[in-house]
Amino acid sequence: MAPVSVRRLTRRYGPLKALDDVSIEFSDGGFYGLLGPSGSGKTTLLRLIAGFDPLDGGSILIDGEDVGRVPVERRRIGMVFQSYALFPNMSVADNVGFGLSVRGAARAEIDREVGRALELVRLEGLGARRPHQLSGGQRQRVALARAIVTRPRVLLLDEPLGALDRALRDDMQVELKRIQREVGLTTIFVTHDQEEALTLSDRIGILKDGRLVEEGPPEEIYNRPQTAFGATFLGHANLLEAEVEPEGLRIAGAGSLLPPPGDRLPAAGSRVLVALRPERIAISAAAPGSPGILRGRVVQRLFAGSRVTYFVDGPAGSIRVVTANAGDPILGPGAEVNLHWADDAVSILQR
Amino acid sequence: MAGATTRSGMVAALPLLAPAYLWLAVAVFLPLAAMVFFSFMTDLPVAGRTWSFTLSNYETALGGELYRTLLLRSLRLGLEVTAWCLLIGFPAALVLAKRLRGRTREAVFLLVILPFWSNGLVRVFSWAMVLREGGIVDAALEALLPFEVDVDLIYSYPAIVIGLVHSYVPYMVLTCYLTLQAIDDSLIEAARSLGASRLTILRRILVPLSMPGIVAGSVLIFVPVVGSFMEPRLLGGRSGTFLGTVIEDQFVAVFNWPLGAALSFVLLAVVLVVLAVSAPVLRRAT
Amino acid sequence: MTPAARVLALAGPLFLGLLLGFLYLPIAVMALMSFNASPFYTLPIRWSFDWYLAAAGNRQLLDATWNSVSIALASTAISTLLGTMAALALHRHSFRGKRLLQALLFPPIAIPWLITGTAMLVFFFGTGIGRGLHAILLGHVALSIPYVVIVVSARLATFPPDLEEAARSLGASPWQVARRVTLPWIAPGVVAGALFAFAVSFDQFVVSYFLATPGQSTLPVEIYAAIRKGFTPEINAVSTVVIAVSMSLMLLASRHFRFGGER
């Protein structure tokens with residue numbers, strides 16, 4: 001258990017920068033999710049922390065110690081691979097005990113620790129099985145037990161749930177969170193599944209083209225994205241053009257001026273992009289008395305049981321609106337509608 | 001790979017690679033190089049003999065009527081044996097890959113290629129047993145036919161062909177089978193659904209797609225057959241004079257090593273031409 | 001099924017059966033005749049082990065058999081070790097010239113043994129290495145190495161790279177990774193490679209033929225010499241033993257190595 005910090009990390013593959021000047025602090029005992037599309041550098045970052053690839057710049061500190069030149073086997077990390085990488089020639093118990101065994105631990109100690117680890121992942125009694133005799137979920141647990149039994153300073157998870165089906169995945173998310181809490185390990189995990197990242201993480205970093213573009217607690221980066229990429233990669237967002245006026249923002253075609261969101265407003269006269277989450281928008285049939293913020297016409301409606309998604313055409317372009325199905329009459333295509341939202345639903349994005 | 005750059009990769013790999021490649025150098029590559037050298041000499045470079053460089057060995061090997069005839073004979077033998085192996089091996093591979101299933105297929109496949117990995121000399125010898133006068137073929141025909149026959153196939157050209165086909169046909173089955181079984185059955189089903197007959201499927205789909213296997217098998221058969229000497233000796237008797245047997249003679253009977261070396265390299269040149277011509281098809285397969 | 005299709009369905013297996021007959025008939029005849037008391041192969045067979053006993057009493061054949069077995073064992077041990085090392089290096093490291101090194105494995109396989117064998121004769125003679133059992137061993141190892149490298153490499157190609165990384169992340173040193181993860185994985189490939197190497201050496205005739213000397217030769221060379229002197233049923237007996245040994249070895253190898261490349 002230790003804090004990890006990476007400072008100004010760079011990694012090149014030929015002319016390509018797989019990782020470009022990335023700095024992140026991973027707090028002691030925290031659960032940190034690295035999110036990004038494929039090729040964004042998230043796995044590269046994980047492999048650099050593990051020590052599989054050499055650094056081209058920057059430094060990695062585990063518990064204050066610069067490990068840049070420490071080989072993998074002496075970094076005291078635990079890693080769960082996407083494929084699980086269980087040794088096919090060993091039993092479950094031998095797999096889990098491998099890390100202790102190569103450190104020269106006594107047989108009795110290995111047995112005790114392996115038993116405890118298998119208990120933690122709820123696989124008691126399966127120690128004699130071979131990996132090929134296990135289900136996908138069980139293999140995942142063995143891989144986890146193997147990674148934590150050596151009491152590593154940091155636990156690295158590379159798409160740990162990626163190979164599981166949806167239902168098993170949801171169960172394993174709960175399990176993973178429980179085990180991480182119990183052990184209290186600093187955990188860094190890579191995923192391309194945004195929902196998984198939001199559910200599990202204390203903090204999230206979003207990578208794009210080798211750069212860190214968003215960083216913070218899940219609710220903060222969801223509610224107040226800094227970049228257009230972050231806003232659209234994590235959930236859906238309507239991106240609207242707006243002009244800065246002295247008293248607030250004007251969205252094209254909007255009936256009223258928006259009050260300045262937050263404390264920082266760019267210089268008057270400049271044009272900005274703002275993000276607006278679909279579920280923060282209220283939709284109602286157009287009525288003479290209530291003008292709303294924007295007017296528009298429903299062009300498509302998708303009914304999904306608990307929620308309804310509308311695509312509304314208006315002066316600011318097409319806007320996606322998601323409403324909870326609370327029993328209100330559902331608006332059909334062609335309906336003229338008013339859109340409203342709270343002042344703090346809008347965030348100004350960096351260009 | 002895990003950070004193995006060009007330079008450090010070589011340094012790390014060298015201690016593991018050096019023993020094997022040094023051994024290959026001493027026992028294969030240097031001998032082949034020495035052979036080139038020898039083929040340009042008038043005599044062996046041993047004490048007491050004078051020698052000089054010459055082209056006369058190649059003049060003899062390429063210019064002489066005798067050796068040209070032998071080369072053509074060997075090439076013809078190579079082509080004939082390869083053709084027979086293809087005619088027998090491809091249909092066998094087809095049945096194996098597309099008709100048989102599961103354990104039967106595995107067992108039959110193993111049975112077909114098993115002889116290939118057993119002693120070739122002994123297998124040729126066993127044919128001599130069968131084909132000789134008073135051997136099984138002779139006895140069987142005598143028993144079946146009402147009139148007197150005297151089959152003595154041994155020491156004839158057909159005997160050599162039979163022995164060589166027997167030796168090498170498993171190669172063709174192996175290479176054709178590997179490419180045929182990689183062809184998705186749904187391709188065949190698709191063709192049938194489009195109204196193609198069996199013959200059309202064979203001609204337009206199976207043969208073109210298994211071409212790398214056919215070519216690989218043909219090369220693997222043609223090359224050693226052109227250089228064969230043991231099979232013609234044991235099964236061909238007097239009619240068994242080919243390039244391979246003449247090369248053998250230069251080394252073990254006549255002791256004209258420079259000429260033997262030159263003849264070897266004429267043979268090697270043929271081999272290299274065959275490999276070069278077939279390389280594009282083979283490369284497509286990998 | 002139409003009648004034509006039924007005929008075709010039968011024709012395929014029948015054809016395979018004929019091929020198998022063609023492949024095994026002469027061997028079966030040879031084996032049968034080795035048990036026939038008549039030296040002229042007359043039928044019906046009068047069963048006897050005389051020829052086996054005669055072969056067992058033939059000093060020259062026994063010596064040659066002993067030479068063949070010991071050379072095959074030594075050649076297998078050396079070529080398996082060197083070949084496995086080379087396969088590991090080629091798998092693990094990337095460097096300039098790697099493709100050339102891989103390509104160099106094919107000449108010993110692709111060039112007719114007649115050429116390789118005579119080249120060895122010439123070179124060993126010229127350098128003073130000479131002929132004899134040591135020269136035969138030198139040659140056999142060289143012919144076997146490419147087979148070992150190719151078979152072990154094929155096994156290594158299926159090795160999940162994650163496994164070694166997982167072992168290292170758990171604290172295993174490079175040596176521990178090799179001993180506890182990599183070697184157990186490639187073991188079947190090494191065993192199959194060793195069996196191939198044994199077969200290449202034990203069945204090798206051409207190269208041994210050019211490198212043998214009268215006192216120092218191998219079983220196939222002696223068999224060849226005996227056949228050329230004239231058929232004797234003794235040779236039948238010895239040949240039957242040789243083919244039984246090599247076929248059993250390959251059956252054994254097939255349990256470790258799928259020749260067909262299928263699962």
Side-chain angles (χ1 to χ4, degrees), chain A residues 43 46-47 49-53 70-91 94-105 110 113-114 117 130-132 139 142-160 163, chain C residues 80 84-85 87-99 151-195 252-253 255-258 261-263:
Chain A
T43 296
L46 201 72
R47 291 177 59 83
I49 297 171
F52 290 127
D53 300 330
V70 177
V72 183
E73 57 268 27
R74 290 210 292 275
R75 280 197 190 184
R76 291 171 52 209
I77 53 147
M79 181 148 174
V80 174
F81 293 78
Q82 187 173 9
S83 66
Y84 311 143
L86 299 182
F87 307 123
N89 55 315
M90 299 179 200
S91 67
D94 287 344
N95 261 283
V96 177
F98 184 86
L100 297 170
S101 161
V102 296
R103 283 171 174 76
I110 296 176
E113 292 295 322
V114 167
R130 292 264 164 172
H132 67 87
R139 281 180 217 184
V142 175
L144 187 60
R146 183 177 72 176
I148 60 182
V149 79
T150 55
R151 300 173 200 276
R153 297 187 289 188
V154 54
L155 178 63
L156 307 171
L157 309 170
D158 185 8
E159 305 252 6
Chain C
T80 305
T84 303
M85 282 163 51
L88 280 171
L90 290 173
H91 174 72
R92 185 156 313 164
H93 302 287
S94 55
F95 49 86
R96 198 168 301 149
K98 179 168 154 176
R99 293 176 71 90
V151 173
V152 175
S153 296
R155 177 73 191 167
L156 273 171
T158 65
F159 184 66
D162 283 1
L163 285 191
E164 289 187 340
E165 293 188 344
R168 291 180 68 202
S169 78
L170 291 164
S173 66
W175 167 242
Q176 284 171 320
V177 173
R179 193 170 57 82
R180 301 189 52 172
V181 177
T182 318
L183 287 180
W185 177 275
I186 63 170
V190 175
V191 171
L195 287 164
L252 210 61
R255 298 178 57 145
H256 292 276
F257 187 78
R258 298 279 162 169
E262 276 184 289
R263 353 195 85 254

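Just so we're on the same page: letters track the sequence lines, and every chain starts at 1.
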* Under a 4.5 Å heavy-atom cut-off, does chain C meet the side chain of A:Leu156, its backbone, both or neither? ->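 Looking at A:Leu156, nothing touches chain C.
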
* **Portion of A:Phe87 that has a non-hydrogen atom of chain C nearer than 4.5 angstrom** =>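 Looking at A:Phe87, backbone and side chain both touch chain C.
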
* Which of the residues A:Ser101, A:Gly51, A:Ala143, A:Ala147 is involved in the greatest number of heavy-atom pairs with chain C at under 4.5 angstrom? ->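 Between A:Ser101, A:Gly51, A:Ala143, A:Ala147, the count favours A:Ser101.
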
* **Contact winner vs chain A - C:Pro184, C:Pro161, C:Pro174, C:Ala167, heavy-atom pairs under 4.5 Å** =>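 Among C:Pro184, C:Pro161, C:Pro174, C:Ala167, the one with the most close pairs to chain A is C:Ala167.
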
* Straight-line distance of C:Glu165 CD to A:Met79 CE, nearest 0.5 Å ->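 Answer for the CD-CE pair, C:Glu165 versus A:Met79, is 7.0 Å.
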
* About how many Å separate CG of C:Asp162 and OH of A:Tyr84, when rounded to the nearest 0.5 Å? ->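 Interatomic distance, A:Tyr84 OH to C:Asp162 CG, rounded to 0.5 Å: 12.0 Å.
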
Shortest non-hydrogen contact from [X] toward [Y]:
| X | Y | value |
| --- | --- | --- |
| C:Leu170 | A:Arg146 | CD2-O, 3.2 Å |
| A:Pro88 | C:Leu163 | CD-CD1, 3.6 Å |
| C:Ser169 | A:Phe52 | CB-CZ, 4.2 Å |

* Asked: Is the shortest heavy-atom distance from the side chain of C:Trp185 to the side chain of A:Asn89 under 4.5 Å?
  ->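 Not touching, per the 4.5 Å side-chain cut-off.
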
